[in-house]
Amino acid sequence: MDRGVITYTAAYLAGITASVLTDISPIPAVFSLTLLLPLSYLLRKNTIIFLLCSHLALFACGVGICSISCINRTLPPHKLMESIDTRSRQVQEKIAEHLGTLVPNPQSHAVVCALAIGEKGLMGKELKKSFSAAGAMHVLALSGLHIWIAFAIMYSLLFPLTFLSGGKRARNAIALLFIAAYCIMAGCTPSVIRAATMIFLYKIAAGKYRSISNWDAIAISALITCTINPMQIENIGFQLSYSAVIGIALFFPTCNNAFLKLVPKWGGWRGHLWKGVHWLWGSIAISVCCQIATMPASLFYFGYSAPHFLLANLAAVPLATGIMYSLTIALPLQGIPLMGEVSAKILNILIELLISTVTYIGG
């Protein structure tokens with residue numbers, strides 16, 4: 001793919017934004033689209049005119065889809081999202097009830113429900129305030145981090161399939177189906193759809209022995225998200241999620257290259273130490289990139305930016321990852337004497353440690 005994907009997506013999103021800000025009627029957009037599409041085809045040999053007409057057509061398409069979506073809330077995408085939201089809430093309630101037997105402490109139960117299934121309604125105001133003040137609230141919201149962890153866990157569990165004929169394809173297919181089901185269970189929030197779409201694109205491209213750039217993956221996921229629900233562009237979660245991932249795509253390669261130039265890879269036994277230092281640098285760089293990119297939106301919507309975000313993320317992200325892995329181990333072992341008790345104890349300790357750390361930093 002080339003940068004055309006990015007510019008076409010930008011034109012489409014610009015049309016949606018224009019419709020949201022100006023409340024344009026869909027009639028001019030539909031008329032423009034019917035005029036521009038044949039014109040683009042007829043003048044396809046003239047590169048400049050073709051690009052201009054095709055981008056304007058996508059702009060008109062964005063305006064039309066958003067305008068129609070605002071007028072008629074009974075369209076199939078709206079019905080689909082309402083159905084998914086209803087089903088996901090039913091599933092979340094059942095899972096939350098089951099997790100209560102594994103994590104009996106109310107605060108710990110609220111945190112594990114937020115981490116695993118995106119249910120933050122069980123959290124008290126003080127706990128939310130602590131995570132928000134520490135700049136670690138994103139850890140509790142189902143986001144790209146959680147989707148990637150869930151995919152990594154499932155992908156690791158399916159490793160034995162690689163020894164079978166056609167096992168690699170089966171492994172990818174099952175892992176991707178699991179992510180699709182996980183997204184539906186999570187209510188298909190913008191950050192979840194973005195992360196899932198990017199995983200699908202990366203794995204499909206790898207299966208075809210091709211590569212896809214981060215920018216193309218971001219653009220296509222935004223296109224899909226806004227096609228399903230154009231009004232997501234007004235959603236704070238959508239804006240913060242894409243701001244964060246754009247910040248990583250924009251700034252992180254420079255940060256990583258700077259580290260590789262300043263600290264060349266060490267040989268021998270020191271290579272393991274170098275990997276640890278590289279991971280620490282990467283964690284810090286990603287946190288800083290996200291904070292820089294999301295700071296304008298945070299200041300605009302919330303009026304502040306957490307001063308201790310770096311310290312909080314360095315502690316909260318590894319702990320959240322550990323909790324997700326521990327939960328995966330504890331759930332199947334639940335009910336087995338000794339092993340189930342030990343795994344549940346480790347899970348509860350990690351959750352309490354996360355709460356204590358965030359509360360201390362946020363306080």
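Values reported hereafter were calculated over all heavy atoms of this structure, with side chains retained and with hydrogens, waters and symmetry mates removed.
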Just do the side chain to side chain contact (heavy atoms under 4.5 Å, CB included) check on L223 and V5 with the steps written out, would you? CA-CA 10 Å; L223 190 68; V5 176; over 6 Å; no

Non-hydrogen atoms of T162 and K168 that approach each other most closely: CG2-CG, 4.3 Å

So, S213 and D216: side-chain donor and acceptor under 3.5 Å apart, yes or no? yes

Between L327 and V112, is the side chain to side chain contact (heavy atoms under 4.5 Å, CB included) condition met? List the steps. CA-CA 9 Å; L327 181 63; V112 77; 4.1 Å; yes

From CA spacing to verdict: side chain to side chain contact (heavy atoms under 4.5 Å, CB included), L13, C226: CA-CA 8 Å; L13 296 181; C226 288; 3.5 Å; yes

Do S221 and R194 pair up side chain to side chain, a donor and an acceptor below 3.5 Å, judged on atom types alone? no

What are the two closest non-hydrogen atoms of C255 and A285, and how far apart are they? CB-CB, 3.9 Å

Does the separation of the ring centres of F238 and Y242 fall below 6.0 angstrom? yes

Check whether any side-chain N or O of N256 sits under 3.5 Å from a backbone N or O of F252 as a donor-acceptor pair, and report yes or no. no

Judged by atom type as modelled, is there a donor-acceptor pair below 3.5 Å linking the side chain of S108 to the main-chain atoms of N105? no

Please find the pair of heavy atoms, one from A116 and one from M324, that lie closest to each other, and give the distance. CA-SD, 4.4 Å

Smallest heavy-atom separation, I248 atom then C290 atom, equals CD1-SG, 3.5 Å

Residues Q334, T101; criterion side-chain hydrogen bond (donor to acceptor under 3.5 Å, both in side chains); working and verdict: CA-CA 9 Å; Q334 191 179 13; T101 61; 3.0 Å; yes

Applying ring-ring contact (aromatic ring centres under 6.0 Å, His included), which residue pairs with at least one partner in residues 87-137 are found, sequence neighbours left out? none

Taking atom CD1 of I48 as the centre, report whether more than 12 heavy atoms of other residues, nucleotides or ligands fall under 6.0 Å from it. no

Is the Y202 ring parallel, tilted or perpendicular to the W148 ring (thresholds 30°, 60°)? tilted

Just jot down the side-chain contact (heavy atoms from CB on, under 4.5 Å) partners of L353, sequence neighbours excluded, or say none. L319, T357

Smallest heavy-atom separation, L58 atom then Y8 atom, equals CD1-CD2, 3.2 Å

Going hydrophobic residue to hydrophobic residue with side-chain gaps under 4.5 angstrom, can you get from I212 over to L250? yes

What class does the angle between the rings of H278 and F259 fall in, given that below 30° is parallel, 30 to 60° is tilted and above 60° is perpendicular? parallel

Do the side chains of L354 and L115 get nearer than 4.5 Å, heavy atoms only? yes

For Y155 together with F159, are the ring centres under 6.0 Å from each other? no

Look at the side chain of W274 and the backbone N and O of V263, then say whether any donor-acceptor pair between them is shorter than 3.5 Å. yes

So OG1 of T225 and CD1 of I233: to nearest 0.5 Å the spacing works out to 10.5 Å

Determine whether P253 and N214 make a side-chain contact, defined as any pair of heavy atoms from C-beta on separated by less than 4.5 Å. no

Would L127 and V111 count as a side chain to side chain contact (heavy atoms under 4.5 Å, CB included) if you check the C-alpha gap in whole Å, the side-chain angles of each, and the deciding distance to 0.1 Å? CA-CA 9 Å; L127 189 58; V111 169; 3.8 Å; yes

Non-hydrogen atoms of A222 and T9 that approach each other most closely: CB-CG2, 4.4 Å

Side chain proximity check, K203 to F151, heavy atoms < 4.5 angstrom: yes

